[in-house]
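Quick notes on the structure that follows.
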Amino acid sequence: MATLDGKKILVIATNYGVEQDEIVVPVDQLRARGASVTVAAQETDTIQTLVGDKDPGTTLDPDTTLATVSAGDFDALVIPGGTINADNLRLDKSAVRLATSFAEAGKPVAAICHGPWTLVEAGVLQGRTITSYPSLQTDVRNAGAEWVDQEVQVDDTNGTLITSRTPDDLPAFVDAIEASLTGTSA
């Protein structure tokens, strides 16, 4: 039996600008570990990923849209980065609603790179300790959180927030998501 059998994970993204590895690697690895992973985008159109915020990457077909999913149907939320993706997600009412709903329900929320911008917008960082891409430090602090520079930061204060800085941190990021859902240590 895979470690995440029976676990349902929602990954949210816009249809353009998500950092390729920050969506592809978690989706593939979490599925390989047995999780049922649903990718929700703003529209049903293909998701065009980018590499380094500029070069076209692979494409993915979303399973559904942000507006039609509910936190109640999933065990965890993953928010990939990519500057364009993250900047647009934080302005999307459905994405912010989902981040808020998962956090209020105490379900794990994992965000990497610029993904924590959605958590800033959702107002769920007060008193928490997180990491992100370094350029978000001021935003994170202004939202009431402490920012740290490490590959993965897990804050279990009133629910679990799992955050990482860049694609280089993906192995630790995915392991922390698994650990959170299985009750083990990463």
Looking at every non-hydrogen atom in both residues, tell me the closest pair between Leu119 and Ala99 and how far apart they are. CD2-CB, 4.2 Å

Side chains of Trp117 and Asp139: do they bring a donor and an acceptor to under 3.5 Å? yes

Are Ile47 and Leu50 linked, directly or through other ILVMFWY residues, by side chains that come within less than 4.5 angstrom of each other? no

Between atom CG of Asp73 and atom OG1 of Thr64, what is the distance when rounded to the nearest 0.5 Å? 10.0 Å

Does Lys54 reach the side chain of Val51, with side-chain heavy atoms less than 4.5 Å apart? no

Heavy-atom pair of closest approach, residues Cys113 and Gly81: CB-CA, 4.2 Å

Might you confirm whether atom CG of Asn158 has over 12 heavy atoms from other residues, nucleotides or ligands at distances under 6.0 Å? no

Rounded distance [0.5 Å steps], OG1 in Thr46 versus CG in Asp61: 4.5 Å

Could you grab the distance from atom CZ of Arg97 to atom CD of Glu104, nearest 0.5 Å is fine? 12.0 Å

Would you check if the side chain of Thr182 reaches a backbone N or O of Glu178 as a donor-acceptor pair within less than 3.5 Å? yes

So, does Arg128 use its side chain to make a donor-acceptor pair with the main chain of Glu146 at under 3.5 Å? no

What pair of heavy atoms forms the shortest contact from His114 to Ala86, and how long is it? O-CB, 3.2 Å

Under 3.5 Å: donor-acceptor pair, side chain of Gln29, backbone of Pro26: no

Quick one: does Asp53's side chain have a donor or acceptor within less than 3.5 Å of a partner on Thr83's backbone? yes

Determine the minimum heavy-atom distance between Val148 and Thr131, stating which atoms define it. O-OG1, 2.6 Å

CG of Asp169 to CD of Gln153: how many Å apart, nearest 0.5 Å? 12.0 Å

Please find the pair of heavy atoms, one from Pro167 and one from Glu19, that lie closest to each other, and give the distance. CG-CG, 4.2 Å

Could you walk me through whether Thr163 and Ser132 pass side chain to side chain contact (heavy atoms under 4.5 Å, CB included), step by step? CA-CA 6 Å; Thr163 51; Ser132 66; 6.0 Å; no

Where Thr118 and Ala95 come nearest, the two heavy atoms and their spacing: CG2-O, 4.0 Å

Working for side chain to side chain contact (heavy atoms under 4.5 Å, CB included), residues Ile12 and Val78: CA-CA 7 Å; Ile12 62 173; Val78 176; over 6 Å; no

Arg165/Asp149 salt bridge by N-O under 4.0 Å criterion: yes

Tell me whether Ile23 shares a hydrophobic cluster with Val69, the cluster being built from Ile, Leu, Val, Met, Phe, Trp, Tyr side chains joined at under 4.5 Å. no

Quick one: do the Ser164 and Glu151 side chains pair a donor with an acceptor below 3.5 Å? no

Considering only NZ, NE, NH1 and NH2 on the basic side and carboxylate oxygens on the acidic side, decide whether Arg33 and Asp28 come within less than 4.0 Å. no

Hey, mind stepping through Leu77 and Lys107 against side chain to side chain contact (heavy atoms under 4.5 Å, CB included) and telling me if it holds? CA-CA 8 Å; Leu77 174 66; Lys107 294 180 178 185; over 6 Å; no

Among Asn88, Thr49, Val11, Ile79, which residue satisfies the side-chain contact (heavy atoms from CB on, under 4.5 Å) criterion with Val18? Thr49

Do the charged groups of Lys7 and Asp75 touch, with an N to O distance under 4.0 Å? no

Ile112/Thr166 under side chain to side chain contact (heavy atoms under 4.5 Å, CB included): CA gap, chis, key distance, verdict: CA-CA 7 Å; Ile112 188 167; Thr166 71; over 6 Å; no

Less than 4.5 Å apart, any side-chain heavy atom of Asp92 and any of Thr14? no

Is there a path of hydrophobic side-chain contacts, each under 4.5 Å between heavy atoms, that joins Leu125 and Ile162? no

Val154 vs Leu161 side-chain heavy atoms within contact, under 4.5 Å: no

Quick one: pull up CD1 in Ile130 and CD in Gln150 and give me the separation to the nearest 0.5 Å. 11.5 Å

Are the side chains of Leu30 and Ile177 in contact, using a 4.5 Å heavy-atom criterion? yes

Are Val96 and Leu66 linked, directly or through other ILVMFWY residues, by side chains that come within less than 4.5 angstrom of each other? no

In the structure I gave you, are the side-chain heavy atoms of Ser36 and Ile9 within less than 4.5 Å of one another anywhere? no

Are Leu4 and Phe74 connected in a single hydrophobic cluster, I mean Ile/Leu/Val/Met/Phe/Trp/Tyr linked by side-chain heavy atoms less than 4.5 Å apart? no

Look at Arg31 together with Asp63 and state whether they make a salt bridge at an N to O cut-off of under 4.0 Å. yes

Rounded to the nearest 0.5 Å, the CG atom of Asn15 sits from the CG atom of Leu60 at a distance of 10.5 Å

